[in-house]
Enquirer: 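Before we start, here is the structure in question, set down as structure tokens.
So that the names make sense, note that chain A is the first sequence line, chain B the second, and so on, each numbered from 1. Since this is a predicted model, take the numbers as computed values, not measurements. Scope of the values below: all heavy atoms of this structure, side chains included, with no hydrogens, waters or symmetry mates.
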Protein chains: 2
Amino acid sequence: MFELDVRSRKPIYEQLVERLKELIITEVLKANEQLPSVRMLAQQLTINPNTIQKAYRELESQSYIYSIKGKGSFVSPATLKQNSEKIVKVKHELSKLISEALYLGITADELFKMIKEIETTVGGGIESDQNQ
Amino acid sequence: MFELDVRSRKPIYEQLVERLKELIITEVLKANEQLPSVRMLAQQLTINPNTIQKAYRELESQSYIYSIKGKGSFVSPATLKQNSEKIVKVKHELSKLISEALYLGITADELFKMIKEIETTVGGGIESDQNQ
DNA sequence: TGCAGTGTACTATGATTCGTAATACAGTTA
DNA sequence: TAACTGTATTACGAATCATAGTACACTGCA
């Protein structure tokens, strides 16, 4: 199901996130389909369950999947795919604007603050992933 | 000329960058005015010249200042002030886009990563920081 | 030419962060 | 209860970061 490059400079959990996103977006993994459990996948890939867990947590925070204690992790239905075109578009526009902003001397720090402010103002945001 | 908080969690060189940007934008430091030399300023602030150097390098990469080997570092003329309108505009556009992104379910975290990636790719931010 | 000023590059090092692992806790279902 | 699930806590080596030490290279002036 997965191929990972363990000796890559990219951390394993990031590779996992990318690969899974791809599978979800392309609907190889369908809505509400159950993902392999953290332990199963860990064993299969001969890495630590916690690494899978980190990838899953990341995917959940980006609402690609949802997890239920004791039951499993599942592909998020609809909403994401419905918006996927818009999302791609917005991301692209954002990239350009961010590049321009950085070029103009606005610092990444400044942008971070901006986002946090908007996040709390709009209230729509999901809280972010504080790595242990 | 400067006050720094050495025990702040913010690195010294960053504080320096911020403070100098402010002085340049508010035109306390005029165009083409020579900045204190790395050694002078280092001695005055009782920190290592290399820390000043890092701040100056950062400022130069964002074209707030320019440096000439053997002569000194100077405030960049014009360009930045010319950009100030652009900056306001870009920030405004960014606000709107970020709101939309968050609304679409893109997380703040994802945006952070995006920025970091662009920062390193474009080299817009703190670039040439290749330690050893 | 030499000296004293300037910026720059390289290396070292302690502190912090990062990626992963080990282990224990907690919910679900049969 | 047993055998699955996800989650939280802690530990630890590796990588990165912030700063320092030191040496190099250029400029301008006596």
Side-chain angles (χ1 to χ4, degrees), chain A residues 4-18 20 32-61 64-76 108-109 127-132, chain B residues 4-18 20 32-61 64-76 109 112-113 116 119-120 125-132:
Chain A
L4 295 178
D5 181 4
V6 186
R7 85 197 64 179
S8 165
R9 34 262 157 252
K10 281 233 174 186
I12 295 172
Y13 83 93
E14 259 186 45
Q15 296 180 52
L16 260 173
V17 167
E18 284 172 17
L20 282 167
N32 294 307
E33 182 174 340
Q34 179 161 9
L35 298 171
S37 79
V38 290
R39 285 175 186 74
M40 282 263 299
L41 192 48
Q43 188 177 18
Q44 181 183 332
L45 301 175
T46 56
I47 57 182
N48 192 282
N50 224 319
T51 303
I52 313 287
Q53 161 63 17
K54 186 163 188 176
Y56 280 16
R57 191 200 312 147
E58 171 74 8
L59 286 167
E60 184 164 26
S61 87
Y64 278 81
I65 69 173
Y66 62 95
S67 298
I68 303 175
K69 231 186 194 177
K71 296 193 73 174
S73 299
F74 308 85
V75 176
S76 274
D109 234 33
E127 69 278 6
S128 54
D129 161 51
Q130 71 290 3
N131 296 321
Q132 62 256 38
Chain B
L4 294 179
D5 180 5
V6 186
R7 86 198 62 180
S8 163
R9 34 263 155 248
K10 279 232 175 189
I12 295 174
Y13 84 94
E14 258 186 46
Q15 294 180 53
L16 260 172
V17 167
E18 284 173 16
L20 282 167
N32 295 307
E33 182 174 342
Q34 180 161 9
L35 297 171
S37 79
V38 291
R39 285 176 187 71
M40 283 263 297
L41 191 50
Q43 187 176 20
Q44 181 184 329
L45 300 175
T46 56
I47 56 181
N48 191 282
N50 223 318
T51 304
I52 314 287
Q53 160 64 16
K54 187 163 186 177
Y56 278 18
R57 191 199 312 146
E58 170 73 9
L59 286 166
E60 184 166 26
S61 86
Y64 278 82
I65 69 174
Y66 61 95
S67 299
I68 303 175
K69 232 185 191 179
K71 298 191 73 174
S73 299
F74 308 86
V75 176
S76 275
D109 229 36
F112 293 160
K113 281 182 189 157
K116 282 179 197 158
E119 192 183 16
T120 53
I126 300 175
E127 51 170 21
S128 48
D129 181 12
Q130 76 292 5
N131 296 317
Q132 80 258 16

Enquirer: Provide, to the nearest angstrom, the distance between the CZ atom belonging to A:Arg57 and the C1' atom belonging to C:dC18.
Expert: 13 Å
Enquirer: What is the separation between atom CE on B:Met40 and atom P on C:dG7, rounded to the nearest whole Å?
Expert: 10 Å
Enquirer: Distance check needed: D:dC4 C1' versus A:Leu35 CG, whole Å only.
Expert: 16 Å
Enquirer: Figure out the CD1/P separation between A:Ile52 and D:dT5, and round it to whole Å.
Expert: 13 Å
Enquirer: Hey, which sits more toward the 5' end of DNA chain C by its nearest nucleotide, B:Gly72 or A:Glu14?
Expert: B:Gly72
Enquirer: Starting at CD of A:Gln53 and ending at C1' of D:dA8, how long is that distance when rounded to a whole Å?
Expert: 9 Å
Enquirer: Do the side chain of B:Glu58 and the main chain of B:Val17 share a donor and acceptor less than 3.5 angstrom apart?
Expert: no
Enquirer: Within less than 4.0 Å of OP1 or OP2 of D:dG6, is there a side-chain N or O belonging to A:Ser73?
Expert: yes
Enquirer: DNA chain C: A:Asn48 or A:Ile68, which has the more 5' nearest nucleotide?
Expert: A:Asn48
Enquirer: With rounding to the nearest 0.5 Å, note down the distance linking CD1 in B:Ile52 to CG in B:Leu41.
Expert: 4.0 Å
Enquirer: Ignoring hydrogens and angles, does a donor from either the side chain of A:Asn50 or the base of D:dT9 sit under 3.5 Å from an acceptor on the other?
Expert: yes
Enquirer: C:dA21 P sits how many Å from A:Gln43 CD, rounded?
Expert: 14 Å
Enquirer: Among D:dT7, D:dA20, D:dC26, which is the nearest nucleotide to the side chain of B:Lys69?
Expert: D:dC26
Enquirer: Near A:Gln34 CD, under 6.0 Å, is it more than 12 heavy atoms from other residues, nucleotides or ligands?
Expert: yes
Enquirer: On the nucleotide C:dA21, are OP1 or OP2 found under 4.0 Å from the side-chain N or O atoms that A:Thr51 carries?
Expert: yes
Enquirer: Any side-chain N or O of B:Ser67 under 4.0 Å from OP1/OP2 of C:dG7?
Expert: no
Enquirer: Distance check needed: C:dG5 C1' versus B:Phe74 CZ, whole Å only.
Expert: 12 Å
Enquirer: If you measure from CG on B:Leu35 to CD1 on B:Ile65, what distance do you get to the nearest 0.5 Å?
Expert: 5.5 Å
Enquirer: Between B:Gln53 (side chain) and B:Val38 (backbone), is there a donor-acceptor pair under 3.5 Å?
Expert: no
Enquirer: To the nearest Å, give me how far apart NZ (A:Lys54) and C1' (D:dA8) are.
Expert: 14 Å
Enquirer: Is the base of C:dG7 touched by the side chain of B:Arg39 through a donor-acceptor pair closer than 3.5 angstrom?
Expert: yes
Enquirer: Check the phosphate of D:dG28 against B:Lys71, side-chain N and O only, distance under 4.0 Å to OP1 or OP2. Yes or no?
Expert: yes
